There are 2 protein chains.
Amino acid sequence: MSKLTTPPVPAPDAVPCCPPLDERPLTAAEAERTAVMFKALGDPVRLRLFSAVASHPGGEACVCDISDVGVSQPTVSHHLRKLREAGLLASERRGTWVYYRVEPSVLAAMGRLLTTSAP
Amino acid sequence: MSKLTTPPVPAPDAVPCCPPLDERPLTAAEAERTAVMFKALGDPVRLRLFSAVASHPGGEACVCDISDVGVSQPTVSHHLRKLREAGLLASERRGTWVYYRVEPSVLAAMGRLLTTSAP
DNA sequence: CGTCAACATAGACAGGCATCGAATCAGAGG
DNA sequence: CCTCTGATTCGATGCCTGTCTATGTTGACG
């Protein structure tokens, strides 16, 4: 089958969403969707993995480059999957290695959520 | 005792911290501290409570104004405590009511974490 | 004082989640 | 074809946490 760069995970949801948090109270549905992204960054290991990918030269990194975070390699894979399911990272296999990169629009959307409109 | 506006919770930690996530890989200690704040916003109920406080006129709200989020009153109190322990909210008792307000510096610090330096 | 309302705390329970070892899959190279 | 390395998936386990009911604390008001 033409299964080249198809994501092996079910849903790539958690698209950019919602106004700044101090503009209007979020609805239940908005909060549900937004919390997924914050929760994904709410783990120290995932935060280090995300930061490692985001700060890597070229904007992408293979798993072997960022696996040194103090947990087993399956656990690293598990956390990278979570970040991908939350829409924060995208992955692509090139030969032997799998490369992860940051989804830029989602990062900007999260930043906008925390940007206060009042001076 | 002189127990006026003293916070009844142990630690008010989770101060503003760390460079933007795409600048350098976070250390384990940095990630540990930063994850606390993201985890606090990683729950839909807490996100709605925080948004309700942040968007309230005057920048503060009493519990009775924001308690309509579909969970029991003790659960609301529990989540507000979590947000306070994470350093995102501050509370003050005035007469019968307790008012919560957003800790502005922390919000700005979180926004800076997600602000990419590259164009 | 006694009572009422607003919040907080305590304890219990269920579901979620981070972690690991073992097994499996996918390419590269002999 | 075999094997080695990189990475994901699987199943199990133990802790963390979100939720509730019940109770306690604090201040206002007769």
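Quick caveat, the model's predicted, so the values are computed rather than measured. Below, chains carry the letters A, B, ... as their sequence lines are ordered, and counting in each starts from 1.
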Colleague: Please examine the side chains of B:Ser55 and A:Glu23, heavy atoms only from C-beta on, and report whether any two atoms are closer than 4.5 Å.
Modeller: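 No, their side chains stay 4.5 Å or more apart.
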Colleague: Contacts to DNA chain D from residues 52-65 of chain B, heavy-atom cutoff under 4.0 Å, which residues?
Modeller: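 Nucleic-acid contacts, sorted: none.
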Colleague: Please examine the side chains of B:Met110 and B:Leu88, heavy atoms only from C-beta on, and report whether any two atoms are closer than 4.5 Å.
Modeller: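 Yes, side chains in contact.
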Colleague: For residues A:Leu113 and A:Cys18, determine if any side-chain heavy atom of one lies less than 4.5 Å from a side-chain heavy atom of the other.
Modeller: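 A:Leu113 reaches A:Cys18 side chain to side chain.
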Colleague: Roughly, in whole Å, what's the span from CG in A:Leu89 to P in D:dA7?
Modeller: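 The answer, rounded to whole Å, is 15 Å.
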Colleague: Restricting both atoms to N or O, compile the protein contacts to nucleotides 28-30 of chain D shorter than 3.5 Å, with distance only.
Modeller:
none

Colleague: Output side-chain donor-acceptor pairs under 3.5 Å for residues 65-77 of chain B, partner residues at least two apart or in another chain, one line each.
Modeller:
unit_1, atom_1, unit_2, atom_2, d
B:Ser67, OG, B:Val63, O, 2.6
B:Ser72, OG, B:Thr75, OG1, 3.0

Colleague: Could you name each residue pair satisfying disulfide (SG to SG under 2.5 Å) that touches residues 76-113 of chain B, not counting sequence neighbours?
Modeller: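 Listed by first then second residue: nothing to list.
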Colleague: Please tell me if B:Tyr99 has a side-chain N or O lying less than 4.0 Å from either OP1 or OP2 of C:dC7.
Modeller: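 Checking B:Tyr99 against C:dC7: no side-chain N or O falls below 4.0 Å of OP1 or OP2.
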Colleague: CH2 of A:Trp97 versus P of D:dT5: gap in Å, rounded?
Modeller: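 It works out to 13 Å between those atoms.
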Colleague: If the condition is side-chain contact (heavy atoms from CB on, under 4.5 Å), which residues does A:Glu60 pass it with, not counting sequence neighbours?
Modeller: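 Per chain and number, A:Glu60 pairs via side-chain contact (heavy atoms from CB on, under 4.5 Å) with A:Arg94, A:Tyr99, A:Arg101.
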Colleague: Go along nucleotides 18-25 of chain D 5' to 3' and tag each nucleotide: B for a protein heavy atom under 4.0 Å from its base, S when only backbone or sugar atoms are that close, - otherwise.
Modeller: SBBBB---
Colleague: Within this structure, what is the CG-CZ distance for the pair A:Leu89 and A:Arg81, rounded to the nearest 0.5 Å?
Modeller: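 Nearest 0.5 Å value for the CG-CZ distance: 13.5 Å.
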Colleague: Output the distance between atom CZ (B:Arg46) and atom NE2 (B:His78), rounded to the nearest 0.5 Å.
Modeller: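 One gets 6.5 Å once the value is rounded to the nearest 0.5 Å.
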Colleague: Is there side-chain contact between A:Ser51 and B:Leu21, with at least one heavy-atom pair below 4.5 Å?
Modeller: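 Counting from C-beta outward, A:Ser51 and B:Leu21 do come under 4.5 Å.
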Colleague: So how far is it from B:Leu80 CG to B:Phe50 CZ, rounded to the nearest 0.5 Å?
Modeller: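 Rounded to the nearest 0.5 Å, the CG-CZ separation comes out at 11.5 Å.
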Colleague: Taking atom C1' of D:dG27 as reference, at what distance in whole Å does atom CD of B:Glu92 sit?
Modeller: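 Atom CD in B:Glu92 sits about 15 Å away from atom C1' in D:dG27.
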